[in-house]
Structure formats: structure tokens, C-alpha cells
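Notes follow the structure.
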Amino acid sequence: MTSARTASARSATTADGSPVVLVRDLKVAYGDTPVLDGVDLDLAAGETVALLGASGSGKSTLMKALTGFAPITGGTAHVAGHDVPNLARGELRHLRADVGQVFQQFNLVPRLSVLTNVLTGALHAAGPINLVGGFRSEHRRLAMHYLDRVGIAHKATDQARTLSGGQQQRVAIARALMQQPRVILADEPVASLDPRLADEVLELLRGIARDDGIPVLVSLHVLPLALTHSDRIVGLRNGQVLVTGRTTALRREDLSVLYDDAEEAGDDSDD
Ligand SMILES: Nc1ncnc2c1ncn2[C@@H]1O[C@H](COP(=O)(O)OP(=O)(O)O)[C@@H](O)[C@H]1O
Ligand SMILES: [Mg+2]
């Protein structure tokens, strides 16, 4: 489907060629408690960046800040052309339409079909008024295109709740693509999946970044997954970036500073 490809290719960078996400010295605080303390982050066309850090290091808060869900107290954050701390009236909806999100728990509507779940991704941009006549056939074609992209077009008419965890996360990724996002934020997308499925889903996300040009920020708390499935790593500890670099240039030892001694950073047998 050429229209979708064109839209994706166009979304690779902002009009002036700068990164899709550009964050400098970002600070977030809840009341008097600082949670992010001077974070820098770039996300450019084609990249998959792993956001690594122990539980409580601020990964989810950073993703929330990028979509206007966390109280920014300092610094700058430009996301898909939106100046997040200084959004114009009514711009928040456009920011969120430009950011595809994927979550640990998939967040599908269990009794709706896979296809309908994907179609809800189009609502972000369309707004509720377009629901009146149901989804247009062009939306259905696009939804099937994205289901094919994530490898589960054959499940389109099944209820979402009947799918395995790995399949449900694929549906959630197709739903995010349905927004025709300019960036994808995936917050611990494989924390509920067994290791083989985790590898598959992370490779799918990386392929979307590489082939469709939509940069992906994926938070992971497990070190080996970040080393295997990212182009760059940004490592948070206590709300600060402690380690960052190209993944191929980082070794496990470089990243162990992200974790308390008590935590086994290299073990993915969490939960
Ligand atoms: N709404 C909130 N109010 C107060 N503190 C919060 C809130 N959300 C997160 N925090 C705190 O911010 C820190 C980072 O949390 P979070 O971003 O969820 O970390 P991670 O995703 O890396 O596990 C934690 O200490 C957490 O308790
Ligand atoms: Mg989190």
C-alpha cells in the first residue's frame, strides 16, 4: 500500500532534517520530588533506541513526559515538531496522534476483533465525530495492511482475547501504526512475554524503525535484550542518563552501573 509507505517515509525526520525527538536537560518532578533530572535524548530516522534502567529509574516517566502526561519543570522537549512544555491550545491531541504507543499489557479491548482493535488506532487522528458512519473502507484496507505488516492478518476476525501474548502485542503495534505515527514509544513491551516472543517483538519494532523510517524508543529493564535489539542505548539511573552510546560500542560491564548491586542486571527471569 503505497500511501502508507509514503506517509512513513515522510515522517522520518522533521522538515529541516533534525531528529524527530530532541530532548535537552529535561526535568520532571512530582511535587518536591525530582524524577527526571537533566535528561538528554535524540531520536532520528530509522533508529531503535533502548531506554535501559532498573525499576524506578524514570523510564516510564520519560515516555509520559514526551506525550504530555508528566509535569515538566525544566529543559526542552521537541517531539514530532511539537514543543511539549509549551503546547498551543488544542495541540496536545495532535502531539498524541503523532506518537504511537505500545505498552507492557497491550491494552487491547478483549472482546473486540483484532481488526477493530487496530482500527481504533485511526481514531486518534480522526476524532469521535468520524465514528458516526463507522470506519471507512480505506481505513479497513490500511488496518489489514498493518496486520499483514506485523504478521497476523490471518487473525483479523478473531476476538483479541483469544490471541497469545505475543500476538496481542503485534496487534497493539499494528494499532500504533494505524495512527501513522512519526515516532513509536514502547514502554516495556516485552516484559510480559517469554524470551523467544520477546526477541520476535523487539525485532519487529526494530524492523519498523529501519524499514518504515519511524524511530522507536523502547524501554527495557533487561540488559541483554537492549544489547541485542537496539542501535543505541540510553541508560537511566535515578532520573539521570548515566550511560549512552552506540550499542555495538557498549559492553555489559559498561552498563552494570545502571543497577544496584542487589539487582541482577543480566538476568531476564524477572517477575
Ligand atoms: N505520579 C507519580 N507521582 C509521584 N512519583 C512518581 C509518579 N510516577 C512515578 N513516580 C516516581 O518516579 C520514579 C520513576 O518511576 P518510573 O518512571 O515509573 O520508573 P521506571 O519506569 O523506570 O520503572 C519512581 O521513584 C516513582 O516512584
Ligand atoms: Mg516503567
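When reading the values below, keep in mind they use all heavy atoms of this one structure, side chains included, and skip hydrogens, waters and symmetry mates. Every number for a ligand or one of its atoms is a count from 1 in the order of the listing.
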Any chance you could lay out the side chain to side chain contact (heavy atoms under 4.5 Å, CB included) test for L197 and V190, step after step, and finish with the verdict?
CA-CA 8 Å; L197 294 175; V190 300; over 6 Å; no
Nearest heavy atom to atom 20 (P) of ligand 1 wins, so pick from G31, G53, G56.
G56
To check your reading of the model: name the closest protein heavy atom to [atom], its residue, and the distance in Å.
atom                    : result
atom 18 (O) of ligand 1 : S60 CB, 3.7 Å
atom 16 (P) of ligand 1 : T61 OG1, 3.6 Å
atom 3 (N) of ligand 1  : Y30 CG, 3.3 Å
atom 19 (O) of ligand 1 : G58 N, 3.2 Å
atom 11 (C) of ligand 1 : V35 CG2, 4.0 Å

Would D25 and K27 pass as an ion pair if we require N to O under 4.0 Å?
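Counted as a salt bridge, because a side-chain N and a carboxylate O are separated by less than 4.0 Å.
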Residues R206, D199: salt bridge by 4.0 Å N-O rule
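Salt bridge between R206 and D199, a charged N being under 4.0 Å from a carboxylate O: no.
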Using modelled atom types only, decide if a donor and an acceptor are shared between the side chain of D212 and the backbone of A209 within a distance under 3.5 Å.
no
So, for atom 26 (C) of ligand 1, does the protein have a heavy atom nearer than 4.0 Å?
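Under 4.0 Å from atom 26 (C) of ligand 1, zero protein heavy atoms found.
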Can you check atom 8 (N) of ligand 1: any protein non-hydrogen atom closer than 4.0 Å?
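Protein heavy atom within 4.0 Å of atom 8 (N) of ligand 1: present.
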By number and element, which atoms of ligand 1 are closer than 4.0 Å to a non-hydrogen atom of A54?
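In order of number, 22 (O).
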If you measure every N/O of K64 against every N/O of ligand 1, is any gap under 3.5 Å?
no
So, is the end of the R170 side chain (NZ or CZ) under 6.0 Å from the ring centre of F106 and within 45° of the ring's axis?
no
Is the distance from the Mg ion (ligand 2) to the nearest N/O/S atom of S55 under 2.8 Å?
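Here the distance criterion (N, O or S atom, under 2.8 Å) is not met by S55, so no.
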Note: P189 and S219 closest approach over all heavy atoms is CD-O, 3.6 Å
Yes or no on side chain to side chain contact (heavy atoms under 4.5 Å, CB included) for V84 and L95, after CA distance, side-chain angles and deciding distance?
CA-CA 8 Å; V84 180; L95 166 67; 4.2 Å; yes
Does a donor on one side chain and an acceptor on the other come within less than 3.5 Å for T247 and D231?
no
